[in-house]
Amino acid sequence: MNSATTLRSIALDHPATIPVFERFQLDYCCGGNRSLGDTCAARGLSPDVVLAALAEAVNYEPVVEDHTQASAAQLIRYIVETHHAFIRSELPRLQAMAERVASKHGPLHPEAALIYRNLAQLAAELFAHLNKEERILFPYIESLERSRNENSAPPSSCFGSVESPIRQMVHEHEGAADLLEQLRAATQGFTPWPGACPTTGGLYYGLNAFEADLHRHVHLENNLLFPRAIAIEEQLLAAR
Ligand SMILES: [Fe+2]
Ligand SMILES: [Fe+2]
């Protein structure tokens with residue numbers, strides 16, 4: 001990739017660069033046949049700065065952190081700041097792309113309409129889910145941990161044991177994973193159809209990354225945070 005490469009071919013060969021194009025507001029889709037150098041010149045941008053950001057996006061490898069020693073409160077902060085923030089910024093972006101792809105390619109590619117529908121349902125369900133975690137379950141888990149650390153009485157709740165909202169959250173995780181799984185199956189593992197435009201390529205790439213992030217997110221909750229919350233509650237009850 002250099003300043004003579006067209007934006008379209010950069011976006012097709014390296015879909016990880018699409019967020020960079022969006023950040024600099026460079027049209028990689030309809031106007032994507034222009035070279036990076038020409039586009040930057042027209043926009044008054046330094047091609048070197050844009051090339052550096054593109055190269056960084058291509059080489060980006062997510063850092064895998066070890067959370068096994070984190071407190072519940074630290075884990076919650078990480079989940080909210082990383083994964084909840086990602087869903088809130090990424091899902092509307094994917095929905096907007098899906099709307100464009102469905103309206104343009106829906107007649108020939110029925111999976112485009114399915115993506116649009118499933119993302120709308122996913123957004124409705126996931127945004128409510130994040131709010132329930134952030135407003136009810138997570139603060140309760142933090143107060144359980146605080147009571148355990150301070151040796152004080154367990155906090156009161158309207159739902160009895162913490163296991164009850166946890167069961168509901170786990171159930172909702174399965175619903176979200178199912179919606180993405182349907183899309184994965186309908187798109188042969190998020191593989192764009194031959195000759196697909198860069199927006200479709202970017203959407204499929206984004207869906208794949210979104211699903212991977214959701215898997216890491218759910219893993220931290222189902223397999224680390226929730227069992228820890230249940231164990232803390234049991235410790236507190238045993239100490240009474
Ligand atoms: Fe969450
Ligand atoms: Fe969750």
Side-chain angles (χ1 to χ4, degrees), residues 19 60-98 115 117-149 154-185 190 203 205-236:
Y60 174 72
E61 293 281 342
V63 179
V64 179
E65 292 189 33
D66 178 16
H67 298 281
T68 51
Q69 305 305 315
S71 69
Q74 286 169 328
L75 203 46
I76 285 169
R77 199 176 321 121
Y78 176 83
I79 288 169
V80 171
E81 287 175 359
T82 308
H83 296 296
H84 289 199
F86 177 74
I87 289 173
R88 287 195 173 101
S89 68
E90 187 67 358
L91 197 44
R93 189 183 78 88
L94 293 175
Q95 283 184 277
M97 283 176 120
I115 294 172
R117 270 202 314 276
N118 275 22
L119 284 184
Q121 190 180 340
L122 195 62
E125 293 180 5
L126 267 184
F127 290 138
H129 176 84
L130 301 185
N131 285 340
K132 281 185 247 180
E133 288 184 337
E134 290 175 19
R135 290 179 192 166
I136 301 166
L137 179 59
F138 289 177
Y140 185 70
I141 293 175
E142 285 169 337
S143 61
L144 278 175
E145 186 172 62
R146 220 175 303 120
S147 300
R148 198 263 325 262
N149 294 348
S156 62
S157 78
C158 56
F159 43 73
S161 165
V162 74
E163 288 189 58
S164 145
I166 283 175
R167 249 195 314 274
Q168 176 64 25
M169 294 303 108
V170 169
H171 177 68
E172 292 177 8
H173 292 164
E174 287 161 1
D178 280 353
L179 286 170
L180 285 165
E181 186 55 47
Q182 285 171 18
L183 296 186
R184 173 172 285 283
F190 301 119
L203 173 63
Y205 177 84
L207 287 169
N208 193 36
F210 188 87
E211 186 190 50
D213 184 84
L214 191 75
H215 288 161
R216 289 194 292 271
H217 174 186
V218 167
H219 160 71
L220 288 181
E221 292 178 356
N222 284 14
N223 301 332
L224 211 53
L225 179 64
F226 295 166
R228 186 166 307 166
I230 291 168
I232 293 172
E233 187 181 61
E234 281 169 359
Q235 284 171 13
L236 273 169

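Indexing begins at 1, ligand by ligand and atom by atom, following the structure's order.
At least one N, O or S atom of Glu133 sits under 2.8 Å from the Fe ion (ligand 2). Coordination check, His217 versus the Fe ion (ligand 1): passed, since an N/O/S atom of the residue sits under 2.8 Å. Among the atoms of His129, no N, O or S atom is found under 2.8 Å from the Fe ion (ligand 1).
The atom name of the N/O/S atom in Glu221 closest to the Fe ion (ligand 2) is OE1.
Checked by atom type and distance alone, the side chain of Thr82 never pairs as donor or acceptor with a backbone atom of Ile79 at under 3.5 Å. Panel note: side chain Ser161, backbone Ser164; no donor-acceptor pair is recorded below 3.5 Å.
No side-chain donor-acceptor contact under 3.5 Å links His129 and Glu125.
One finds the CZ atom of Arg146 at 12.0 Å from the CZ atom of Arg148 (value rounded to the nearest 0.5 Å).
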